[in-house]
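These notes are about the structure you will find just below.
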Amino acid sequence: MFERVDQKVNFPELEKQLMGKWKDENTFQKSLELREGKPRFIFYEGPPTANGKPATHHILARAFKDLFGRYKTMKGFYVERKAGWDTHGLPVEIEVEKKLNISGKFEIENEIGIERFNELCRQSVYQYVEDWVAFSERMAFWQDYEHAYWTLTPDYIQSVWWALSEMWKQDLIYKGFRVAPYCSRCATPLSNHELHLGYQDNVPDPSVYIRFRLKKDQPGARRAHFDKTSILAWTTTPWTLPGNVALAVDNDVDYIKVKEGDEFLILAEPLLSVLKEEPHVVERVKGHDLVGLDYEPLYPYSVPEQGRAQYVVDADFVSTEEGTGVVHTSALYGVDDLRLCQEKGIPFKHTVGLDGKFLPYVDKFAGLHVKEADPLIIDDLRERGLLYKAETTLHTYPFCWRCSTPLIYYALDAWYIRTTERKEELIANNAATNWVPAHIKTGRMGDWLQNNVDWQFSRSRYWGTPIPIWICEGCDEKRCVSSSAELGLKDDVDLHRPYIDEITLKCEKCGGVMRRIPEVLDVWFDSGAMPFAQRGYPRQGKEIFEQTFPADFISEALDQTRGWFYSLLVISTLLFKQNSYRNVICLGLVVDPKGKKASKSRGNVLDPNFLFDNFGSDAVRWFFFTSTQVGENYRTGTDTLRETVQQFFIPLWNCYTFFVTYARLDNFDPDRPAVPLEERHVLDRWLLSRLTGLVTSVNGGLDAYDAIEPARRIQRFVDDLSNWYIRRSRRRFWKSQSDSDKAAAYQTLYETLRTLCGLMAPFTPFLADAIYRNLSDERSVHLTDFPSGLAAEDPAIEVAMARARQAVEAGLGARDAARLKVRQPLAGIALPGEPLPEDIAAIVREELNVKTLTFGASEVKLDTVITEELKLEGLAREVVRAIQDRRKKLGLNVEDRIDTRYDADGLLVRALQRHADYIRNETLSVTLGPGREAGFDGEQMMLEGEQIWIGLKRSS
RNA sequence: GGGCCGCUAGCUCAACUGGCAGAGCGCCGUGCUGAUAACGCGGAGGUAGGUGGUUCGAGUCCACCGCGGCCCA
């Protein structure tokens, strides 16, 4: 027997009940046990960073992950779902810095200490993971949270080390430079975000034009040509001039040689206006004519012992908007500069230290801070006749957002993985991956791979996987370690800073002391290593790793293209020569109803708990599955969610309560023999045909990693079920005799609801299970097989029914135009088109409330003549309607019998007498008679312009 | 500056390979209703972001531009 169901449902409350049941019954665990030994469907959890409370956009990816995990489980696969937590990285550090009200290297190292700082990071992570588990369970994201992988464990870290050491063995790791905005006081590089915090406008800086004297002994015929000739270059950072190694010109720009006094100057034609005098043009050349010319170094400090420097090169970033069209290049103090010198093979070395002061060997300016040195350098060049002119310019310049020190661009040590060497392999492995939506493969991801640069994986931070590279103080020998055993440490020892920094090794080459480089790993390396690191591979878990690599399916939002999607691809390509995922759903972003990104400062952030409490998590999931194409943004607001509940959840729930209400009254027993399909009412056969099609397309869609089309079809089906099948079948459930037609109706609706629950289980796990359990003796839908292979297709019925519904539409339109309410029966209607089968035509007649339905007319033609006979029938229906209304007002139950009295005259009385049987039957009136009797709860009202009093009471 | 995605009714979104521009919400009118906080019918509401091009025919294909989003530089 089915439990009574309240029509007024509170979905959030329902969901909490289900959470309790799942916990008590271990439903998730059971769903896994059910499929033990079955083929695996391999899912990888992209670990969220535990640096804050989960937000609404986190529901999105988790909903999709859960959808396919549940679907494949119901399809018979064993779907391990190991949770994971990304525990390292700058976001965690920043969260802790905020709590401590500190910021930056200086405070961390000198006030807090790395040991305590990292301990606080660890605590912070543990705290947030609790929030994440609660959140995930609230939205029914079934994962194994007890056996989650944590990127901070010694096992995990050692796997990561192993991965790096394998790349080391392949000679894919090298040390280089990285130019970044740098604060010399804080001794720290700034992130892009930090950089943007500190720009100031109208900052005065020197603007100097420098003569670079061309060497007289140029190779070949060019020699005499350049006597007394200088190339004019411009800079606003004179302190970079001692580090000058090259001048860059644009190959295709016109350069002019002008005579000024007894010397010659070369600069770009569009910038002749910077000259002090009216230009006296001597010669015009192209930039590429200048390339290769040697010039006299301004200073001896950056003249290399080996290799060639101080000559003219071509570059693609030369501007003719300002300066002279010649770019002074100092390799280590500009992003473009460094790239150019690396491309051209120009040697370079630092002239400035990490403290922002000139190094000792730059003897003229040694120990001076670069900004202090600027005027001295200008003076020095002026004295030596190398300064053409010096001015002051006002421009926008970045300052440290913490301490307001002017930032400089500075090349820091950085470690790289030579991904460019394996670029073609990366592209091939990406090409073999199924992207949803497809355009990401060649678009966003493909473009990113085409423009691949080596992966800079070192971070000058604290809370991260320490980079396992040790360098000999004596001979510079380098070594990459792959396990704690190699360091003489136990397996379970904490490998984080600062402890790891104290570990020294003995150099095998010279016997000297080897120390670890101070940097930690980019967190993307951590998460990209999860396919094997979650198993502790290769020290352990070898077998399980091999069984679970690569993944069949992963899903995240598209900001992961350069993040996790990339790091997984790179690491597995370099180590295992294939991608670690076969199918990937790349989701759009959650934005506010205006399309703006949610942010606290805009105040448009949706609190997930607010949504859960008001609409339920199923509703939020369903919204994400149905609202827009995968890859597009989700305009999310309370209005759209309210609509989701009203348009889909409530109608579905009403279908369910309708069934339960009458099934209880009739003691419907689902185990009774089924009425053969061919003997069922045409509405049943129509519904089951529709259901068959639905099952097929939902299976097909989900198999192709498409969620939206299946979900939208389910939505349309529920509309058909509610507003056509049940609407047109109601009387079959109400009628008093229990014949086979009634049994067929119950069986059809029952099977449909159960199947629908199966189809919906992966999408809305709470709602589907709530309904299914009541229909199935408390068995969980999540332990069933996914619906498939129904065989009740009947295209002819579907076509005919579609035509019938069009006929109804036309007929109701005609009624409306004629101002004839549907309650008033009419003699007939004639419609265009071919006749419909009788059983379907009957439905149309009933819906239109006409006696006859004919086809073949040229247009819709309604017989509008209302005979007295029809009028009385219409009045009878009015009376029925009035009695039903009264029943409802008196709070009577649908099955309650009543006695009915009336007081009226004229046509109404005749209608009541003529159609007494009909009225009694419709309203469950045991007696129906005239007279205002005592004890009858009555009401005076108007029906079709006539007075009537109707009174009723519950029949004893 | 570059890449990708989007731009269709007031709002949210559809329309297989080019073939009569649609649904839901909201609004107005009206009807139906003992499952329905629901539903039906009718109405108002569209130069499809803009400009060109290809085609018998373009929301759909091509080019350029604009706006929004994400990412890279």
Side-chain angles (χ1 to χ4, degrees), chain A residues 5 7-9 192 316-317 335-336 339 437 439-453 557-563 566 586 588-589 591 593-597 623 626-637 639-662 708-709 712 715-716 718-719 721-724 726-727 729-731 733-734 749 805 808-824 847-849 877 880-881 883-896 922-924:
Chain A
V5 184
Q7 197 173 300
K8 301 261 182 294
V9 59
N192 222 333
D316 54 13
F317 55 80
V335 176
D336 289 332
R339 184 165 52 87
H439 62 77
I440 307 277
K441 183 196 288 193
T442 51
R444 185 174 276 253
M445 189 66 171
D447 178 62
W448 168 249
L449 293 175
Q450 286 297 340
N451 296 313
N452 187 252
V453 293
L558 53 71
D559 52 354
Q560 297 296 329
T561 316
R562 274 85 171 162
Y566 177 68
C586 190
L589 302 161
V591 296
K594 289 181 183 134
K596 299 286 178 199
K597 192 178 170 176
F623 168 75
T626 52
S627 74
T628 194
Q629 296 297 336
V630 160
E632 297 304 315
N633 290 350
Y634 296 83
R635 298 196 174 200
T636 316
D639 288 348
T640 50
L641 287 165
R642 187 171 299 116
E643 196 179 316
T644 297
V645 173
Q646 279 181 9
Q647 293 295 304
F648 181 63
F649 284 68
I650 288 175
L652 174 62
W653 189 260
N654 288 328
C655 293
Y656 163 59
T657 57
F658 172 85
F659 171 80
V660 171
T661 303
Y662 291 98
I708 187 168
E709 195 52 36
R712 284 182 172 174
Q715 202 156 263
R716 258 173 282 158
V718 169
D719 186 60
L721 173 67
S722 172
N723 295 320
W724 191 247
I726 294 183
R727 172 181 166 77
S729 302
R730 275 180 295 192
R731 317 188 76 80
F733 292 90
W734 294 343
L749 184 52
R805 296 181 74 171
V808 166
E809 198 178 314
L812 290 172
R815 268 186 171 275
D816 193 55
R819 286 285 180 233
L820 289 166
K821 52 164 75 172
V822 178
R823 220 176 284 142
Q824 174 60 56
E847 184 72 11
L848 290 179
N849 199 13
R877 239 178 110 160
V880 167
R881 168 86 188 110
I883 296 172
Q884 302 287 39
D885 220 38
R886 194 85 200 115
R887 283 183 62 117
K888 230 177 186 176
K889 278 188 189 140
L890 295 178
L892 295 168
N893 294 323
V894 284
E895 70 273 22
D896 289 339
E922 288 290 311
T923 60
L924 299 183

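Values below: all heavy atoms of this structure, side chains included; hydrogens, waters and symmetry mates excluded. Residue numbering restarts at 1 for every chain, and letters A, B, ... go by the order of the sequence lines.
A/Asn654 comes within contact range of at least one nucleobase, with a heavy-atom separation under 4.0 Å. A/Glu922 comes within 4.0 angstrom of no nucleic acid atom, judged by non-hydrogen atoms across all strands. Contact annotation for A/Gly631: no contact, since no heavy-atom pair falls under 4.0 Å across all strands. Residue-level contact check: A/Val822 touches the backbone only, with heavy atoms under 4.0 Å from sugar-phosphate atoms and none from bases. Using a 4.0 Å heavy-atom cutoff across all strands shown, A/Ile726 reaches at least one base atom of the nucleic acid.
Between A/Trp448 and B/C4 there is no side-chain polar atom (N or O) within less than 4.0 angstrom of OP1 or OP2. Remark: A/Arg727 is not in phosphate contact with B/G40, judged by side-chain N or O atoms under 4.0 Å from OP1 or OP2. Side-chain nitrogen and oxygen atoms of A/Lys821 include none within less than 4.0 Å of the OP1 or OP2 phosphate oxygen of B/G40. Contact between the side-chain N/O atoms of A/Gln629 and the OP1/OP2 oxygens of B/C5 is not found at any separation under 4.0 Å. Checking the phosphate oxygens (OP1, OP2) of B/A35, a side-chain nitrogen or oxygen of A/Arg730 falls inside 4.0 Å. OP1 and OP2 of B/U33 both lie 4.0 Å or more from every side-chain N or O belonging to A/Gln884. Between B/U33 and A/Arg823, a contact under 4.0 Å exists linking OP1 or OP2 to a side-chain N or O. The side chain of A/Gln646 places no N or O atom within less than 4.0 Å of a non-bridging phosphate oxygen (OP1 or OP2) of B/C25. Look at A/Gln647 and you'll find a side-chain N or O under 4.0 angstrom from OP1 or OP2 of B/C39.
At a cut-off of 3.5 angstrom, counting only N and O atoms as typed in the model, there is a donor on one side and an acceptor on the other between the side-chain of A/Ser722 and the base of B/A35. For B/C70, the base has a donor-acceptor partner in the side chain of A/Arg444 [N/O atoms by modelled type, under 3.5 angstrom]. In terms of polar N and O atoms assigned as donor or acceptor, the side chain of A/Arg881 comes within less than 3.5 Å of the base of B/U33 in a complementary pairing.
Minimum atom distance to the side chain of A/Ile650 is reached by B/A37, of the listed B/G31, B/A37, B/C5. Among B/G69, B/G29, B/A35, the nucleotide with an atom closest to any side-chain atom of A/Gln7 is B/A35. Here the side chain of A/Asp816 is nearest to one of B/A35, B/A37, B/C41, namely B/C41. Ranking B/A35, B/C70, B/G31 by closeness to the A/Tyr662 side chain, first place goes to B/A35. Comparing B/C70, B/U33, B/A35 by their nearest atom to the side chain of A/Arg877 picks out B/U33. Here the side chain of A/His439 is nearest to one of B/U12, B/G40, B/C4, namely B/C4. Between B/G31, B/G3, B/C41, one nucleotide has an atom nearer to the side chain of A/Asp447 than all others, and that is B/G3.
If you measure from atom CZ of A/Arg642 to atom C1' of B/A37, you get 12 Å, rounded to the nearest angstrom. Straight-line distance from the CZ atom of A/Arg712 to the C1' atom of B/G22: 13 Å, rounded to whole Å. Between A/Lys8 atom NZ and B/A38 atom C1' the separation is 11 Å, expressed in whole Å.
Of all the heavy atoms in A/Pro651 and A/Gln646, the pair that sits closest is CD-O, 3.1 Å. Across all their heavy atoms, A/Leu589 and A/Asn633 have their closest contact at N-OD1, 3.0 Å. Between A/Leu449 and A/Tyr566, the closest heavy-atom pair is CD2-CE1, 3.8 Å. The two atoms that bring A/Phe623 and A/Arg635 nearest to each other are CZ-O, 3.4 Å, heavy atoms only.
Checked against salt bridge (Lys or Arg N to Asp or Glu O under 4.0 Å), A/Glu709 has the following partners two or more places apart in sequence or in another chain: A/Arg713, A/Arg716.
Between A/Tyr662 and A/Phe658, the ring planes are tilted. Angles from 30° to 60° get that label.
Remark: B/U51 base-pairs with B/A63; criterion is Watson-Crick or G-U wobble with both hydrogen-bond distances under 3.5 Å.
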